[in-house]
Amino acid sequence: MYSAEQTKHLQQQTKAFIAHAQIDKNDVEALRNVLRFHEYRYYVLNDPLLADPEYDQLFKQLEKIEEGNPELITGDSPTQRVGSSLNQSFPTVQHLVPMLSLDNSYDADDLLDFDRKARELTRLDVIEYCIEPKFDGASISLIYEDDMLVRGATRGDGVEGEDVTTNIKRIRSIPLSAPFSQYGIQQIEIRGEVLMTKAAFKKYNDALAEQGLPPLANPRNAASGSLRIKDPKIVGKRNLEAFLYNVSYYIRDDRWQMTDDRKKEEKASGASVNSHLSSVNPLSTHSGTLQMLWECGFRSPQKEKIVVQGINEVIKHVHDFEEMRDTLPYEIDGMVIKVNEIALQDKMGMTTHHPRWAIAFKFKARQATTKLRAVEFNVGRTGAVTPVAKLDPVAVGGVTVGSISMHNEEYIKEKDLMIGDSVLIERAGDVIPQIVKSLPELRTGDEKHIHFPRHCPVCKSELYKTEDEAVWRCINIECPAQVVERIIHFVSKDAMDIKSFGEANVRKFYELGLLKDVPGIYTLDFDAISKLEGFGKKSIDNLQSAIEASKQQPLYRLIYALGIRYVGETTAKTVANAIHDVFELENMSDVQLQQMEDVGVKVAQSIFAFFQNKENIKILHKLKELGLQMYNIKRSAPTESNTLHEQTFLFTGTMLKLKRSEAEEMVEKHGGKIASGVSSKLNYLVVGEDAGSKLEKAKKINTIKIISEDEFIKLIGEEASLAPIP
Ligand code: IVH
């Protein structure tokens, strides 16, 4: 695509542009060329010559010039990939030539058959074949007219597809313009495959998992789904790539005819032939087509393809490729073998389904069908209930699969899965096996719906789910499926901080039956423990006193230690500060909980559900009986003065000098109280930086005094120093 000389020149220009604080608008096309060159290096060659921030700097300069001079914008400007309007729909469009499928082969015999037929049809002894990977993605069809990309479409039913041009433009290995005119081509339809690399796919699935969403079964689904996303911005972030491997249709322009004739004359007279306008039509062979696409700036399998004579060479190479399948950065599901001469292809023709001049050689399947026999519901260590499909064991991609996670209730509905169904499963690369889909057309009528339990299959406690989550959870802290993890969390440093307890001891005591639940921490049989190896008197003493000391931990630590979903340390502190006694939470509605600083709907719902669970309340009572501190000590701490008697305070925003907990302590020391929300009962709202809705609300209530952090310090300081300390 770029000669060494062009590369050198573009590199120099890049340097010059980077050095310019402002690039002249007359250089706009040169700047675009520089950006196109770097896109090509990055996305097509995977060999960038420029750091991302430098690319971004130049891109911004181009945007600036075009913004100031809209008349300079061209359709193929790198900025035109990023038009931001949403796709309303994807209109149906007709392909210029139907997109056919491929016939499949699975072993050497199939290939020998294919070759025999090919030789019969062509009446040749030996056929030249071109072999290339069979990319496992979503097929697309692109049309370029006068060198500009004018349309990108999905395969659809092969005759008609969906117009996804705006999304296609986001794929940066697809050039917005390509110099087909140099080959005398005015209009061309090319075919290829959009795919997601294994690395991008993994990243994408990890992101889904983080949001609690089920992963996609394979990169192909990810690629084809991505092509139909309404927001092209998101498409740009999916890291899609495209391989183009076929020209289905083209129209030459008149110049070509002229030059063709002229070149014939030139050739006859022995004159030199312009290399670009070579009289040998690159489109006369498949390998020449790949070469031309490559020269035009596309990612074609130019480097991957192999041209061989005769089928025996083909057989050897396809097996070699299968061996290195896993080393490729993207998924391939086989190889495609094509008769290299286009004139022979035309002679052989096609069926309604596939061309006779090509065949796919499919690698060992990583997909298989089997029966879904039953569903088990597993409770994970965080309480998440996961449906697991029990399957008739089946081999896929070298391993036998007997059970597969179905993630959540939503997933079962979406995939329309029933007990007794035939299901298609897949093990894509190193991704854990997934159910791709059910095969409802094979149903007999004996299939049964999958009922998701509403009670924990392990402890029978009622399950709980927040509105924006797909996962049902058991939130009983006594649930045997989770209890070990819960105890580990309870004793941990940031929670009750029971030193010398630790994960290993929790597991050991649990396995030996010495510890069954959270209250069990406070009734440990130290006699039994002293008989264990490694527990001398000293370590037992240490453990015992650490356990004893933990009973006096402040309330927020206990709240955090309960392991309520979404309640981290900060939220635990907020909650503890808003109450006097942990049992108050039993009677608070989620709306009341939301009055607390930084407690949103999700957190409030989770706290509410936790305290509505009877088992959890029972445990809290047990802990109280065992001597744990259930009150907010600060609130019942003796006051140092009474200057703020009965005055209520609330803090909002970020304070610069005091920590919020310090400030609250100061209020309480002087007999004041901390309010849980803005209401007419509030006397002072202390406003730090970036105060939000609380301030707005307080402004509407005349009786509330709104003061700054400094005013607060003054108020406390003066009053406090004057006040007699009892
Ligand atoms: S040639 C008329 N070449 O596989 C020629 N197809 O199973 C048809 N595919 O629909 C296509 N890699 O989407 C060709 N190197 C390759 C391919 C390839 C993947 C896809 C293509 C086709 C499907 C058939």
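Atoms within each ligand, like the ligands themselves, are counted from 1 in listed order. Side chains are part of it too, since the values below use all heavy atoms of this structure and drop only hydrogens, waters and symmetry mates. Predicted, not measured: the structure shown is a model, and the values here were computed from it.
- Summary of contacts: the protein heavy atom closest to atom 10 (O) of ligand 1 is L100 O, 3.7 Å.
- In terms of polar-atom proximity, W357 is not counted as a contact of ligand 1, lacking any N or O under 3.5 Å from an N or O of the ligand.
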* To do: Could you please spell out the steps behind the salt bridge (charged side-chain N to carboxylate O under 4.0 Å, His left out) verdict for K362 and D107?
  => CA-CA 8 Å; K362 302 279 279 206; D107 53 29; over 6 Å; no
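- Listed by number with element, the atoms of ligand 1 under 4.0 angstrom from any heavy atom of S139 are 13 (O).
- By the 30° and 60° cut-offs, the orientation of the rings of F135 relative to Y330 is tilted.
- Residues L124 and L344 are in side-chain contact: their nearest non-hydrogen atoms beyond the backbone lie under 4.5 Å apart.
- Every side chain to side chain contact (heavy atoms under 4.5 Å, CB included) that L45 has, sequence neighbours left out, goes to Y40, R41, D47, W294.
- In this structure, S248 falls outside the shell of residues with a heavy atom less than 4.0 angstrom from ligand 1.
- The ring of F243 has its center no closer than 6.0 angstrom to the ring center of Y43.
- Here the heavy atom of the protein found nearest to atom 15 (N) of ligand 1 is E132 OE2, 2.7 Å.
- Contacts of V336 with ligand 1, taken as heavy-atom pairs under 4.0 Å, involve the side chain alone.
- Between F114 and Y129, the ring planes are tilted. Angles from 30° to 60° get that label.
- Regarding atom 3 (N) of ligand 1, its nearest protein heavy-atom neighbour is K338 NZ, 2.9 Å.
- Among protein heavy atoms, the minimum distance from atom 23 (C) of ligand 1 is reached at K134 NZ, 3.9 Å.
- Identified under the salt bridge (Lys or Arg N to Asp or Glu O under 4.0 Å) test for residues 339-358, with sequence neighbours left out: none.
- Annotation: the span from Q291 atom CD to L293 atom CG amounts to 10.0 Å, rounded to 0.5 Å.
- Here atom 14 (C) of ligand 1 lies nearest to Y245 when heavy atoms of F243, Y245, F135 are compared.
- Of the heavy atoms in A360, none comes closer than 4.0 Å to ligand 1.
- Contact annotation for M350 and ligand 1: no heavy atom of the residue comes within less than 4.0 Å of the ligand.
- The protein non-hydrogen atom at the shortest distance from atom 24 (C) of ligand 1 is L102 N, 3.7 Å.
- When each atom of ligand 1 is checked for a heavy atom of P355 under 4.0 Å away, the hits are 2 (C).
- Atom numbering of ligand 1 starts at 1 in the shown order; those under 4.0 Å from a heavy atom of P133 are 12 (N), 15 (N), 16 (C).
- Other residues, nucleotides and ligands contribute at most 12 non-hydrogen atoms within 6.0 Å of the NE2 atom of H449.
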